[in-house]
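Note that the structure is predicted; figures quoted are calculated from it, not measured. Naming convention: chains lettered A, B, ... in sequence-line order (proteins, then strands); numbering from 1 in each chain.
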Amino acid sequence: MKNSEIAGVFQDMADLLELKEENIFKIRAYRRAAQIIERLPKEMSAMVEQGEDLQKIAGIGEAIAKKSAELIYSGKLEAYENLKAEFPEGITNLLEIPGIGPKTAHRLATELMISSAEQLEQAIREGKVAHLFRMGDKTAQNLLRQIQTMRRKDQRIPIGEALPVVEDIIHILRTFHGVKNMTSAGSLRRFRETVGDIDIMGTADDPEMVINEFVALPQVKEVLAKGPTKASIIIPPRLQADLRMVDHDSFGSLLQYFTGSTQHNISLRTKEQKKGLKLSEYGITDAATGMLEKFATEEAFYGRLGLQYIPPEIREDQGEIELAEGNDIPRLVDITDIRGDFHVHTHWSDGTHSIEEMARAAKAVGYHYIVITDHSRGRGIARGLNEERLRRQIQEIRALNQQIEGFRILSGIEVDIRADGSLDMPDAVLADLDIVVAAVHSSFNQAEERITRRIIHAIENPHIDIVAHPTCRLIGEREPTAVNTEAVFHAAAKYKKVLEINAMPVRLDLKDIHTYRAREQGVMLAIGTDAHTVNQMQLMRFGIGVARRGWCQPQHLLNCLPAEKVLAFFKR
DNA sequence: GCCGTTTTCGGCCCGACTGTTTTCAGTCG
């Protein structure tokens with residue numbers, strides 16, 4: 001059983017326990033455990049197999065470790081089944097409706113026999129809900145509205161879709177008169193791969209005026225709410241953005257609060273509470289004196305707690321607070337550290353621009369080199385290169401390198417790893433290239449053992465340098481393959497091969513927790529934009545976001561090395 | 001249910017909003 005499934009069971013159990021009005025801290029323990037398991041860099045099943053003690057994981061104690069093992073061994077959990085049997089089927093669906101918590105769900109289920117949004121909608125229309133104790137017409141109508149908006153709004157939005165839109169808006173807001181601060185918060189700022197609603201925070205001399213101009217932006221399709229300091233809008237096709245205007249002198253603590261993550265903040269507060277400090281979005285209160293101290297910047301906020309500044313990308317309660325206490329937060333990699341791009345297509349295969357155009361674009365953004373990695377012929381659809389065309393391309397690259405000064409084009413290929421693990425280009429040709437990138441583009445449904453062996457086989461090939469998008473997922477479109485990432489990391493470390501962080505927002509593959517884990521296993525990583533046009537080379541920052549969430553420093557990324565060192569790394 | 005430079009027992013983040021009520025319960029982020 002996969003971690004995500006185990007986490008799902010505990011999440012569900014937390015909901016059910018809440019309906020049962022169990023001890024709130026027990027419920028939180030389940031919920032916390034679910035979150036931790038979800039983000040675990042390693043499959044629990046593998047840990048159990050290797051005899052590791054699940055209780056070593058912070059937040060997992062005796063009971064949950066035992067239950068996890070039961071799920072892994074039998075695929076079932078007795079305690080969970082018993083719990084489910086106590087309630088009408090589907091009751092937890094009600095909890096997904098905003099405005100319905102455990103108390104309301106329980107009452108709806110027991111008093112009106114409701115267990116779905118559809119049934120609730122009908123009951124509201126029939127006037128049954130408004131008659132319940134402590135409910136009224138207004139509450140009922142609000143629930144109805146929530147059900148309807150819930151139907152319209154689908155899940156979380158990929159960061160690649162949200163970020164440009166939000167940046168555009170922030171850019172405009174910053175030009176407004178009297179605006180001092182304006183920045184995004186929440187999961188967008190932490191650079192999670194998908195985001196829910198967008199939070200924007202700002203300060204200005206005249207906050208209300210900024211709010212007025214915000215809701216009047218041409219992008220705005222609908223204004224959900226508007227007050228003197230806060231407004232909520234919808235931007236087509238499906239983005240909800242909230243703007244909060246706050247006091248300048250407490251901007252730091254507010255930004256910190258709204259950036260989260262929730263777990264990071266809870267951890268921080270618990271720690272400080274023991275020292276007699278009460279943390280809130282308004283600042284820090286000394287419990288002894290009752291004095292509230294405000295903070296204009298996050299740096300000052302963390303500083304007051306004796307903590308080093310913690311970059312938003314790693315505020316996930318993964319040990320960053322402890323490191324900040326000792327001033328040991330690593331210097332995370334930054335876009336300015338990047339000297340080259342390892343995955344670039346041209347019109348030789350399915351790209352739009354010429355090698356020279358891609359090279360000049362790369363030079364313009366400050367890179368020192370790029371690796372041209374057009375597809376091999378296995379990708380029939382992508383006009384893949386055969387041996388002869390690849391040799392001609394190598395010639396053209398050599399010629400171009402004479403013309404473009406202070407820049408180096410490295411010859412490469414994105415060679416197909418066939419279903420059986422063999423490569424789509426003879427070794428002799430691969431030997432003539434500067435860098436060989438290999439990737440799976442077919443037979444995504446292979447079973448774990450088969451797909452894992454397929455990739456490791458490629459890693460063992462002495463001509464292969466980098467494995468691109470190792471799990472082949474497309475966010476919201478295609479699930480990752482069943483590949484055993486741990487085994488791949490192990491092989492990559494053993495053979496000193498590099499794994500790609502593919503920066504295309506729909507891929508982000510390796511993803512954050514894989515990046516974290518691979519780096520810990522000693523695997524060298526490389527960001528590739530997979531650019532098919534000159535503009536797509538700008539996607540590098542999405543790869544940087546993933547790398548930072550994986551706690552990467554410059555020495556963990558091949559992109560931070562000069563070209564000679566890159567070639568030396570591969571012994572070419 | 002988890003956890004421990006106060007603790008193996010007794011704690012567990014903090015505040016705001018809404019709608020229903022005459023002081024607060026429930027939900028949210």
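Scanning residues 14-28 of chain A for heavy-atom distances under 4.0 Å to DNA chain B yields A:Asn23, A:Phe25, A:Lys26, A:Arg28. Of the residues in residues 292-318 of chain A, none lies under 4.0 Å from DNA chain B by heavy-atom distance. Interface residues of residues 256-269 of chain A facing DNA chain B, ordered by number: A:Tyr257, A:Ile266, A:Arg269; criterion, heavy-atom separation under 4.0 Å.
In this structure, A:Ile97 and A:Ala140 both approach DNA chain B, and ranking their closest nucleotides by distance from the 5' end singles out A:Ala140. Comparing A:Gly136 and A:Ala63, the nucleotide of DNA chain B nearest to each residue sits closer to the 5' end for A:Ala63.
A:Lys67 meets the side chain to side chain contact (heavy atoms under 4.5 Å, CB included) test with A:Phe10, A:Met13, A:Tyr30, A:Ala63, A:Leu77, A:Ala79; sequence neighbours excluded. Every residue meeting the salt bridge (Lys or Arg N to Asp or Glu O under 4.0 Å) condition with A:Glu298, not counting sequence neighbours, appears here in chain and number order: A:Arg189, A:Arg315. Under the rule for a side chain to side chain contact (heavy atoms under 4.5 Å, CB included), the partners of A:Lys103 that lie at least two apart in sequence or sit in another chain are A:Glu21. Listed by chain and residue number, A:Asn23, A:Arg28 satisfy the side chain to side chain contact (heavy atoms under 4.5 Å, CB included) test with A:Phe25 (two or more places apart in sequence, or in another chain). Looking at residues two or more places apart in sequence or on another chain, you find no side chain to side chain contact (heavy atoms under 4.5 Å, CB included) involving A:Glu49. For A:Glu126, the salt bridge (Lys or Arg N to Asp or Glu O under 4.0 Å) criterion is met by A:Lys128, not counting sequence neighbours.
Taking the P atoms as reference points, B:dC17 lies 37 Å from B:dT5, given to the whole Å. Annotation: B:dG10 and B:dT6 have their C1' atoms spaced 12 Å apart (nearest Å). Look at the C1' atom in both B:dT21 and B:dG29: the space between them is 25 Å, to the nearest Å. Comparing B:dC2 with B:dT8, their C1' atoms are spaced 12 Å from each other, to the whole Å. Using atom P as the reference point in both B:dA16 and B:dT23, the two lie 22 Å apart (nearest Å). A gap of 36 Å separates the P atoms of B:dG26 and B:dT7, to the nearest Å. B:dC12 and B:dT22 are spaced 30 Å apart, taking the P atom of each and rounding to whole Å.
Side chain of A:Arg548 to backbone of A:Val333: a donor-acceptor contact under 3.5 angstrom is found. The main-chain N or O of A:Glu281 is found under 3.5 Å from a side-chain atom of A:Ser253 such that the two form a donor-acceptor pair. A donor-acceptor distance shorter than 3.5 angstrom exists from the side chain of A:Asn3 to the backbone of A:Lys42, with no hydrogens or angles considered. Side-chain atoms of A:Arg519 come within 3.5 Å of backbone N or O of A:Trp551 as a donor-acceptor pair. Looking only at distances, a side-chain donor or acceptor of A:Asp509 sits under 3.5 Å from a matching main-chain atom of A:Thr471.
For the residue pair A:Lys226 and A:Asn212, a side-chain donor N or O sits within less than 3.5 Å of a side-chain acceptor on the partner. Side-chain contact of A:Asp328 with A:Gln308: a donor-acceptor pair under 3.5 Å is absent, judged by distance alone. A:Asp15 and A:Thr92 share no side-chain donor-acceptor pair at under 3.5 Å. In the model, A:Gln263 has no side-chain atom that pairs as donor or acceptor with a side-chain atom of A:Gln318 under 3.5 Å.
At whole-Å resolution of the value, CZ in A:Arg31 and P in B:dC2 are 15 Å apart. A straight line from CG of A:Leu83 to P of B:dG1 spans 11 Å, rounded to a whole angstrom. Computed from coordinates, the A:Ile36 CD1 to B:dG1 C1' distance equals 12 Å when rounded to whole Å. The nearest whole Å value for the distance from the CG atom in A:Leu279 to the C1' atom in B:dC14 is 10 Å. Across the protein-nucleic acid pair, A:Leu254 atom CG and B:dG29 atom P stand 17 Å apart, rounded to whole Å. Here B:dG15 presents its P atom at 16 Å from CZ of A:Arg244, a figure rounded to the nearest Å. One interatomic measurement links the two molecules: CD of A:Glu96 to C1' of B:dT27, which rounds to 16 Å at whole-angstrom precision. Distance CD1 (A:Ile198) to C1' (B:dG29): 15 Å, rounded to an integer number of Å.
Distances shorter than 4.0 Å separate none of the side-chain N or O atoms of A:Thr139 from OP1 or OP2 on B:dT18. Between A:Lys66 and B:dG1, a side-chain N or O to OP1/OP2 separation shorter than 4.0 Å is absent.
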Quick one: what's the B/S/- string for nucleotides 3-11 of chain B, heavy-atom cutoff under 4.0 Å, read 5' to 3'? S--B-----

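Among the atoms of the strands shown, none is found under 4.0 Å from any heavy atom of A:Leu143. Residue contacts for A:Asp199: at a heavy-atom cut-off of 4.0 Å it reaches no nucleic acid atom on any strand shown.
Residues A:Arg304 and A:Phe295 meet the side-chain proximity criterion, which asks for heavy atoms closer than 4.5 Å.
Other residues, nucleotides and ligands contribute over 12 non-hydrogen atoms within 6.0 Å of the NZ atom of A:Lys180.
Minimum atom distance to the side chain of A:Lys278 is reached by B:dC14, of the listed B:dC14, B:dT18, B:dC2.
With a 3.5 Å ceiling on both atom-pair distances, the Watson-Crick or G-U wobble partner of B:dC28 is B:dG15.
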Do any N or O atoms of the protein come closer than 3.5 Å to N or O atoms of nucleotides 23-26 of chain B, and which pairs are they?
{"from": "B:dG26", "atom 1": "O3'", "to": "A:Thr104", "atom 2": "OG1", "distance (Å)": "3.4"}

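Applying the side chain to side chain donor-acceptor pair (under 3.5 Å) definition to pairs two or more places apart or across chains, those involving residues 160-172 of chain A are A:Glu161-A:Arg238, A:Glu167-A:Arg541.
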